[in-house]
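First the structure, in the form of structure tokens, and then the observations on it.
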Amino acid sequence: MLSFLVELVNTMSEQEIDTLTKINTKAYAEDNPWEVMIGGDWSLSEDLARAMIRATLLEGQVYVVKTQNGKIVSFGLWFKPQTAIFSTAEQRKLGFDEFFAKLKPEVKYWYTHTYPEIAQKYAEPLFTDEEKKKRWWCYNLATDPEYQGLGCATTLVDHVYQVAVKAEGFIGLATALELNLKKYLSMAFHERGSFLMPSPISDTTNHVLTRESQGPE
């Protein structure tokens with residue numbers, strides 16, 4: 001049986017960023033929610049992936065899952081409480097601004113109006129102000145398809161969960177795929193709520209999930 005190691009990385013070479021980008025590309029091939037995020041233009045997929053990775057390296061936490069021989073097969077992009085991806089100009093300069101400039105006008109509007117307004121209206125009320133101070137959020141969790149179903153994502157999630165609990169926090173994420181919803185529920189997440197997210201590409205139902213400590217671990 002394969003075993004995996006989870007590692008928090010603070011810096012990455014361009015080659016390592018390319019490795020994560022390729023994992024992301026393979027993991028999200030034909031993925032509808034990812035297609036929404038790239039405005040239906042698959043030529044922009046790697047641009048967005050790199051922008052997310054670089055932004056998280058700057059102000060978030062990048063966790064990778066490695067095999068025993070050191071091969072990276074999965075990764076997660078996490079932000080500590082009261083921080084968020086692309087929330088600062090410094091983050092956006094690392095690739096998001098360039099990505100955004102290539103989007104169609106209607107997709108730009110979705111990013112600047114529809115998405116944040118809908119999320120603010122339906123997702124944020126699912127958390128109290130006190131909870132927002134303890135919420136560790138995952139913005140991306142991708143595993144190489146060759147290693148899916150072997151426990152990579154579960155190993156990573158369990159690790160970050162323990163980190164968050166030690167800091168008196170909890171973890172959360174959102175997914176728009178029913179298959180992923182089932183997987184996350186099997187990882188001890190529970191659903192706080194769901195809401196419809198319209199977009200120029202297709203509408204999705206976003207499920208908001210959290211995993212919290214129920215007492216001594």
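This one's a predicted model, so the numbers in the text were calculated from it and none came from an experiment. Positions are given from 1 along the sequence.
For the atom pair Thr21 OG1 and Asp47 CG, the distance stands at 9.5 Å (nearest 0.5 Å). Between the CE atom in Met12 and the CD atom in Gln15 there is a gap of 10.0 Å [rounded to 0.5 Å]. To the nearest 0.5 Å, atom SG of residue Cys138 and atom CG of residue Leu77 are 7.0 Å apart. A distance of 8.0 Å separates OG1 in Thr88 from CG in Leu94, rounded to the nearest 0.5 Å. Summarising the geometry, atom CG belonging to Leu196 is positioned 5.0 Å from atom CG belonging to Asp203; distances are rounded to the nearest 0.5 Å. Atom CG of Asp129 is separated from atom CD of Glu124 by 9.5 Å, given to the nearest 0.5 angstrom.
The environment of OH in Tyr122 is sparse: at most 12 heavy-atom neighbours from other residues, nucleotides or ligands sit within 6.0 Å. Surrounding NZ of Lys26 are more than 12 heavy atoms belonging to other residues, nucleotides or ligands, all under 6.0 Å away.
Counting heavy atoms from C-beta on, the side chains of Phe189 and Val157 come closer than 4.5 Å. Contact check for Trp137 versus Ile171: no side-chain heavy atoms found under the 4.5 Å cut-off. Met197 places none of its side-chain heavy atoms less than 4.5 Å from the side chain of Thr205. Side-chain atoms of Tyr184 and Leu141, non-hydrogen and from C-beta on, do get closer than 4.5 Å to each other. At least one side-chain heavy atom of Leu8 sits less than 4.5 Å from a side-chain heavy atom of Asn10. Within the 4.5 Å cutoff, no side-chain heavy atoms of Pro81 are placed close to those of Lys132. The shortest distance between side-chain heavy atoms of Leu177 and Asp31 falls below 4.5 Å. Contact check for Phe4 versus Tyr147: side-chain heavy atoms found under the 4.5 Å cut-off.
The pair Lys104-Asp41 fails the salt-bridge criterion, with no side-chain N (NZ, NE, NH1 or NH2) lying under 4.0 Å from an Asp/Glu carboxylate O. Comment: Arg135 does not engage Glu130 in a salt bridge, judged by the lack of any side-chain N to carboxylate O separation of less than 4.0 angstrom. With respect to Glu46 and Arg50, a salt bridge is recorded, a charged nitrogen being found less than 4.0 Å from a carboxylate O. Under a 4.0 Å N-O distance rule, the pair Glu178/Lys183 does not qualify as a salt bridge. Under the 4.0 Å criterion applied to side-chain N and carboxylate O atoms, Lys134 and Glu168 are not assigned as salt-bridge partners.
In this structure, Pro198 and Trp110 approach most closely via the heavy-atom pair O-NE1, 2.8 Å. Across all non-hydrogen atoms, the minimal contact from Ala101 to Lys108 is O-NZ, 3.6 Å. The nearest pair of heavy atoms linking Met187 to Arg211 is O-NH1, 3.2 Å. Taking both residues in full, the closest heavy atoms of Ser87 and Ala84 are given as OG-O, 2.7 Å, listed atom of the first, atom of the second, then distance. Summarising the geometry of Phe195 relative to Ala123, their closest heavy-atom pair is CE2-CB, 3.7 Å, with the distance given to 0.1 Å. Here the closest heavy-atom approach between residue Val73 and residue Ile23 is recorded as C-CD1, 3.8 Å.
Looking at Thr155, its side chain does come within 3.5 Å of a backbone N or O of Gly151 through a donor-acceptor pair. At least one donor-acceptor pair under 3.5 Å links the side chain of Ser199 to the backbone N or O of Ile201. Ser45 places no side-chain N or O within donor-acceptor distance of the main-chain N or O of Trp42, the cut-off being under 3.5 Å. Counting only distance, with no hydrogens or angles, the side chain of Glu131 and the backbone of Thr128 share a donor-acceptor pair below 3.5 Å.
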Apply side chain to side chain contact (heavy atoms under 4.5 Å, CB included) to residues Leu5 and Val65 and explain how you reach the verdict. CA-CA 6 Å; Leu5 304 173; Val65 177; over 6 Å; no
Using the rule given for salt bridge (Lys or Arg N to Asp or Glu O under 4.0 Å), can you reason through Glu59 versus Lys80, listing the C-alpha separation, both sets of side-chain angles and the distance that settles it, and then say yes or no? CA-CA 9 Å; Glu59 297 182 346; Lys80 290 182 179 182; over 6 Å; no
Evaluation steps, side chain to side chain contact (heavy atoms under 4.5 Å, CB included), between Asn140 and Tyr28: CA-CA 11 Å; Asn140 194 1; Tyr28 290 131; 2.5 Å; yes
Taking it one step at a time, do Lys71 and Lys66 satisfy side chain to side chain contact (heavy atoms under 4.5 Å, CB included)? CA-CA 5 Å; Lys71 180 181 179 180; Lys66 296 181 177 181; over 6 Å; no
I'd like to know whether Arg54 forms a salt bridge (Lys or Arg N to Asp or Glu O under 4.0 Å) with Glu14, so could you lay out the CA-CA distance, the side-chain angles of the two residues, the decisive distance to 0.1 Å, and finally the verdict. CA-CA 10 Å; Arg54 291 191 175 111; Glu14 285 302 311; 2.8 Å; yes
The test is side chain to side chain contact (heavy atoms under 4.5 Å, CB included); show your working for Leu20 and Asn24 and say whether it passes. CA-CA 6 Å; Leu20 266 58; Asn24 191 88; over 6 Å; no
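For the side chain to side chain donor-acceptor pair (under 3.5 Å) with Ser74, the lone residue among Thr143, Thr154, Asp144 that qualifies is Thr143.
Taking the six-membered ring for Trp, Phe75 and Tyr63 have ring centres at least 6.0 Å apart. Ring-centre distance between Phe96 and Tyr111: below the 6.0 Å cut-off.
Counted by atom type alone, Thr56 and Trp78 present zero donor-acceptor pairs between their side chains at under 3.5 Å. Looking at Thr175 and Asn206, their side chains never bring a donor and an acceptor atom within 3.5 Å of each other.
Figure legend: Arg192 and Phe170 shown as a cation-pi pair, the cationic atom lying under 6.0 angstrom from the six-membered ring centre and within 45 degrees of its axis.
In the hydrophobic clustering of ILVMFWY residues, with side-chain heavy atoms under 4.5 Å counting as a link, Ile85 and Trp136 come out apart.
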